[in-house]
Amino acid sequence: MKKIYFDNVATTKTNKEVLKTYKELLDNYYCNSDALYDGGVEIYNMLEKSRENIARLLKVEKEEIIFTSGASEANSTAIKGLCLKNQNKKHIISSIYEHSSVHNALKQLEDEFGYDITYLKPNEFGVIEVKDVENNLRQDTILVSIMLVNNEIGAINNIDEIKKIVKKHPGTYFHSDITQGVGKIDIDFKDIDLASFSAHKIHGLKGSGVLVKKKHVELLPLINGGQQEFGVRGGTSNALVDIVLAKTLRITLENKDNDNKIIKELNKYFKERIKEIPEIKINLENSIDNLINISTPIKSEVLLNALNNQGIMVSSKSTCGSKKNELNRALKAIGVDEDYAIRVSFDHENTKEEIDYFITCLKENIKRYG
Ligand code: PMP
């Protein structure tokens with residue numbers, strides 16, 4: 001059976017060039033990048049070259065790139081690292097629909113360390129209002145953490161405006177989880193103190209990510225170790241994985257305009273075709289092009305199963321909480337019943353024919369179970 005992958009927000013297929021380079025590196029290099037003999041120095045130099053290239057692509061400085069195991073670790077490092085380093089201020093502003101890696105880090109600060117967290121709710125368009133950030137800033141606000149693109153409904157936040165507000169408030173830092181925005185939206189890192197993203201959402205390797213940490217920001221390391229990652233994140237570098245991240249990011253950014261054009265077309269086509277099924281409702285019209293969240297008359301569990309049997313992979317909520325019965329905070333915030341919602345997400349390799357097949361299957365399933 002042909003498999004159709006419409007869950008690109010959960011993860012993406014690994015880019016073939018990235019994979020090829022990674023395999024070649026694995027075949028040839030194994031030394032610890034901190035070793036002082038030639039084998040170690042060679043890997044160290046490649047690792048640092050990768051850091052430099054990533055920094056250049058993002059227009060930040062080399063020392064501001066911290067390699068991590070992914071966006072979850074980058075989020076935890078940024079949020080807990082910053083707040084635990086600056087415990088004289090204990091108020092944080094965030095949104096109610098952050099990814100669980102942000103949400104649970106905040107909960108931990110709240111429950112275990114006595115932090116006071118303001119969880120902002122999105123407006124009817126799924127967006128966090130800039131004025132809500134402004135109105136909630138206090139003398140003791142240490143951090144504002146607002147994601148760029150929500151991973152469940154695809155709402156896009158105006159972080160350019162939010163960072164300006166935070167900038168006007170000395171002593172408050174701005175962090176953004178930009179995981180779902182890299183390669184989709186132009187990101188200006190000026191006045192963003194901390195930002196997290198992951199390689200596997202941009203056709204890179206799993207277990208690979210970056211925390212952009214501006215030079216003036218001090219963090220309490222969560223993983224103690226040696227000199228690696230400027231002392232912020234200990235442990236022998238996952239050097240080969242970190243080395244291919246530069247290539248991953250370069251390919252993503254080089255192809256961005258072209259890929260996004262294809263995705264925009266797919267989005268338009270999907271929305272046209274979905275009109276043929278009056279029982280379907282699009283939950284957020286102004287979402288990012290690669291993510292469409294829809295409600296159907298079928299329980300999402302049942303529909304997911306039926307689609308799976310027809311070779312179609314979609315999800316009903318964030319994959320990180322899919323086995324935990326975790327509440328879909330984003331859908332709840334915009335008043336959608338999560339039990340009937342599914343998330344369809346494309347990349348540039350998807351096709352209109354796949355959408356046609358999806359629509360045919362959806363119609364069949366609604367007839368059968370709806
Ligand atoms: N933030 C967002 C917005 C995400 O979508 C994800 C992936 N589900 C993460 C963080 C976590 O990324 P990783 O899997 O690299 O830890």
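Residue indices begin at 1 and follow the sequence shown. Source: prediction; values computed, not measured.
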Side-chain contact, heavy-atom cut-off 4.5 Å: F358 with I4?
no
Between I366 and I280, is a side-chain contact (heavy atoms from CB on, under 4.5 Å) present by the stated rule, with each step listed?
CA-CA 10 Å; I366 289 177; I280 304 288; 3.8 Å; yes
Are the side chain of Y22 and the backbone N or O of L205 linked by a donor-acceptor pair below 3.5 Å?
no
Residues Y37 and C31: closest non-hydrogen pair is CE1-SG, 3.9 Å
Applying side-chain hydrogen bond (donor to acceptor under 3.5 Å, both in side chains), can you list everything that pairs with R250, at least two apart in sequence or on another chain?
E254
Main chain of L84, side chain of Q87: is a donor-acceptor contact present, judged purely on distance under 3.5 Å?
yes
Backbone of D339 reached by a side-chain donor or acceptor of S300 within 3.5 Å
yes
Audit row: K184, D259, salt bridge (Lys or Arg N to Asp or Glu O under 4.0 Å) steps and yes/no
CA-CA 9 Å; K184 304 285 183 306; D259 292 352; over 6 Å; no
Kindly indicate whether the side chain of R273, heavy atoms from C-beta on, has any atom under 4.5 Å from the side chain of K352.
no
Heavy atoms, side chains only, cut-off 4.5 Å: are I251 and E17 in contact?
yes
Do N365 and Q310 have side-chain atoms, one donor and one acceptor, less than 3.5 Å apart?
yes
Give a yes or no on whether K167 atom NZ has more than 12 heavy-atom contacts from other residues, nucleotides or ligands under 6.0 Å away.
no
Are side-chain N/O atoms of K201 and T179 paired as donor and acceptor at under 3.5 Å?
no
Closest contact, heavy atoms only, A333 versus I96
CB-CG2, 4.0 Å
Using a strict 4.0 Å threshold on nitrogen-to-oxygen distance, state whether K20 and E24 make a salt bridge.
yes
Closest heavy-atom contact between V149 and G181?
CG2-CA, 3.9 Å
Could you pull out all donor-acceptor pairs under 3.5 Å where a side-chain atom in residues 234-246 meets a protein atom, sequence neighbours excluded?
none

Should we say atom NZ of K271 is surrounded by more than 12 heavy atoms from elsewhere, each under 6.0 Å from it?
yes
L137 and V144: CA distance, side-chain angles, deciding distance, side-chain contact (heavy atoms from CB on, under 4.5 Å) verdict:
CA-CA 9 Å; L137 278 163; V144 172; 3.9 Å; yes
How would you list, by chain and number, every residue that makes a side-chain hydrogen bond (donor to acceptor under 3.5 Å, both in side chains) with R56, sequence neighbours excluded?
N53
With under 30° as parallel and over 60° as perpendicular, where do the rings of H103 and Y119 fit, or are they tilted in between?
tilted
How would you list, by chain and number, every residue that makes a side chain to side chain contact (heavy atoms under 4.5 Å, CB included) with N86, sequence neighbours excluded?
L82, N88, I142
Spell out, yes or no, whether I355 and I262 are grouped together once hydrophobic residues are joined by side-chain heavy atoms under 4.5 Å, including indirect joins.
yes
Using a 6.0 Å cut-off, check whether atom NZ of K264 has over 12 heavy atoms from anything other than its own residue.
no
Count the heavy atoms belonging to other residues, nucleotides or ligands that lie under 6.0 Å from NZ of K16, then report whether that count exceeds 12.
no
Can you list everything that forms a salt bridge (charged side-chain N to carboxylate O under 4.0 Å, His left out) with R51? Sequence neighbours excluded, please.
E48, E229
Do L58 and F197 have side chains that get closer than 4.5 Å, going by heavy atoms?
yes
Regarding S94 and H175, is there a side-chain donor-to-acceptor distance under 3.5 Å anywhere?
no
Q139 atom CD, neighbour heavy-atom count above 12 within 6.0 Å
no
What residues, two or more places apart in sequence or in another chain, satisfy side-chain hydrogen bond (donor to acceptor under 3.5 Å, both in side chains) together with K131?
none
Modelled atom types, side-chain donor and acceptor of N151 and Q180, under 3.5 Å:
no
Donor-acceptor under 3.5 Å (K2 side chain, E354 main chain)
no
Would a distance-only check, ignoring hydrogens and angles, find a side-chain to backbone donor-acceptor pair under 3.5 Å from S345 to V9?
yes
Answer yes if V130 and I128 sit in the same cluster of Ile, Leu, Val, Met, Phe, Trp and Tyr residues linked by side chain heavy atoms under 4.5 Å apart, and no otherwise.
yes
Nearest 0.5 Å, what's the CD1-CG distance between I334 and N293?
7.0 Å
Y357 atom OH, over 12 foreign heavy atoms within 6.0 Å:
yes
Checking the side chain of S76 only, and the main-chain atoms of E73 only, is there a donor and an acceptor separated by less than 3.5 Å?
no
Report the distance from atom CG of D356 to atom OH of Y269, rounding to the nearest 0.5 Å.
3.5 Å
State, to 0.1 Å, how close G154 and L284 come at their nearest heavy-atom pair, and which atoms those are.
C-CD2, 4.3 Å
Check: N123 side chain, V127 main-chain N or O, donor-acceptor pair, under 3.5 Å
yes
Taking the side chain from K163 and the backbone from K190, do they hold a donor-acceptor pair closer than 3.5 Å?
yes
Is L26 reachable from V18 through a run of hydrophobic residues whose side-chain heavy atoms are each under 4.5 Å from the next?
yes
Applying a strict under-4.5 Å side-chain criterion to I, L, V, M, F, W and Y, I'd like to know whether I159 and F189 cluster together.
yes
Do L362 and L303 make a side-chain contact, defined as non-hydrogen atoms from C-beta onward lying under 4.5 Å apart?
yes
Any link between I43 and L25 through a network of hydrophobic side chains (Ile, Leu, Val, Met, Phe, Trp, Tyr) touching at under 4.5 Å?
yes
Once you round to the nearest 0.5 Å, how far does CD of E124 lie from CG of N286?
9.5 Å
From T68 atom OG1 to L211 atom CG, the distance as rounded to the nearest 0.5 Å
7.0 Å
Within-4.5 Å side-chain heavy-atom neighbours: D186 and K256:
yes
Is there a side-chain contact between F230 and L219 (heavy atoms, below 4.5 Å)?
no
May I ask you to say whether K13 pairs ionically with D347, meaning some side-chain N is under 4.0 Å from a carboxylate O?
no
Nearest heavy-atom contact between R329 and H99 is NH2-C, 4.2 Å
Is there a donor-acceptor pair closer than 3.5 Å between any side-chain N or O of K215 and the backbone N or O of E64?
no
Going by distance alone, is a donor N or O of one side chain under 3.5 Å from an acceptor N or O of the other, for S95 and E98?
yes
Shortest non-hydrogen contact between V210 and A74, atoms and distance
O-CB, 3.6 Å
Parallel, tilted or perpendicular, judged at 30° and 60°: which one describes the rings of Y173 and H216?
parallel
Counting distance only, does the side-chain N/O of N350 pair as donor-acceptor with the main-chain N or O of Y5 below 3.5 Å?
yes
Could you tell me whether E161 and K164 make a salt bridge, using a distance below 4.0 angstrom between a side-chain N and a carboxylate O?
yes
Can you measure from CD1 (I292) to CZ (F346) and round to the nearest 0.5 angstrom?
4.5 Å
As an exercise, state the distance from CG of L106 to CG of D111, rounded to the nearest 0.5 Å.
10.5 Å
Do V232 and T77 have side chains that approach each other closer than 4.5 Å (heavy atoms only, starting at C-beta)?
yes
